[in-house]
Amino acid sequence: MAKSKATIDEHGQMRDRRGEWRPGRLVFLEPLLDRPSDIRGLLRWMFGFPGMLYPWFALYMGVIGVSYAFFTPEFVVMQSWSIGWVLEIVLRNAVILTLWNGVFHLWFIRFRMQGRKKKYNANWMSTNNPTFLFNNQVYDNVFWSYSGVLFWSGYECLMWWAYANDMLPFVGFDTNPVYFCLLMLAVPFWRNFHFYWIHRLIHWKPLYDWVHYLHHKNVNVGPWSGMAMHPVEHLFYFSCILIHFIVPSHPLHMMFNAFQTSLGPAVSHSGFDEIVFGDEMALRNDRYMHYLHHRFHNVNFGESNVPLDKWFGSLHDGSPEADAHFRQVHMERIKARQA
Ligand SMILES: [Zn+2]
Ligand SMILES: [Zn+2]
């Protein structure tokens, strides 16, 4: 039965007639490019928790460090193509994605560790739904995510082969430590800059209908929804890795770029505004911006650290005013199409 009015859920959260909960604050734009003159805000974001460095950046550094040291073939092996080392990379990436996405899925969805506390959409993942492969949203999302692993690994193998054959501009920590660190910090900005443009491209109607519709079947998102994309979208999405053909980098920069592109979507599609541990502790997750993209489609094409949406007028900041504005834009677009 359709809900007719706002309700209070089991956690005391107000949900609208569609069952949606909003965090009651605006979308957080990270200050470096959005308001660089706000020095205090900038410092708080750079060194605070959660912030630029903790916890996600530090966690990624741990994952790529271990993968580089223990689960990447020797350069001499990767100088020539062979099925052995390529499979090793594919398998390593499949295991990492399974563990990473698995932790978020088990926490939020399978065991519902925090119930619907801070969950934007009231519903759980869809079952018995022919929209999705196998009539099951999670199975569908898992299937397409492993297709993503093939593209992630394909790009990564190409880069490893090129590094092993000295075909890429190389920078080491020992010779250029400042550049090395700054480039590492710049990787998420490059990634999101790239994502904004390819995301706008696949919202072009012919590409949307052919490719991107698959990702947008997920209006109510979960951790596995992030990488649930059409293979053509994977091809575009992971092309951000090719930057290392031009920009002098270390393989660790390439790995960070590739790993964040692969693992980040589980976090950005968690569907929860905070990761809540018991009554006392919560980790702000700030995925409101991309959640609104899944809800409204033609808003928030980018992420919060590169405010291209704000500069080009597609930012939905989560306010009722933005709701009204983009509804109006939507209606005008429909009228123009019918005229
Ligand atoms: Zn998405
Ligand atoms: Zn989209």
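Whatever order the structure lists ligands and atoms in, that order sets their numbers, starting from 1.
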Colleague: Can you confirm if the NZ or CZ of R284 lies within 45° of the ring axis of F28 and under 6.0 Å from the centre of its six-membered ring?
Modeller: yes
Colleague: Output the atom name for the N/O/S atom of H269 with the smallest distance to the Zn ion (ligand 1).
Modeller: NE2
Colleague: Quick check on the Zn ion (ligand 2): does H215 put an N/O/S atom closer than 2.8 Å to it?
Modeller: no
Colleague: Within 45° of the six-membered ring axis of F71 and under 6.0 Å from that ring's centre, is NZ or CZ of R92 located there?
Modeller: no
Colleague: By atom name, which N, O or S atom belonging to H203 lies closest to the Zn ion (ligand 2)?
Modeller: NE2
Colleague: Can you confirm if the aromatic rings of F57 and F256 lie within a centre distance of less than 6.0 Å?
Modeller: yes
Colleague: Quick check on the 6.0 Å ring-centre criterion: do H203 and H212 meet it?
Modeller: yes
Colleague: Please note down the angle at the Zn ion (ligand 2) between NE2 of H216 and NE2 of H293, to the nearest 10°.
Modeller: 90°
Colleague: Find out whether the Lys NZ or Arg CZ of K119 is both under 6.0 angstrom from the six-membered ring centre of W124 and within 45° of the ring's axis.
Modeller: yes
Colleague: Just wondering, is there an N, O or S atom on H294 that's nearer than 2.8 Å to the Zn ion (ligand 1)?
Modeller: yes
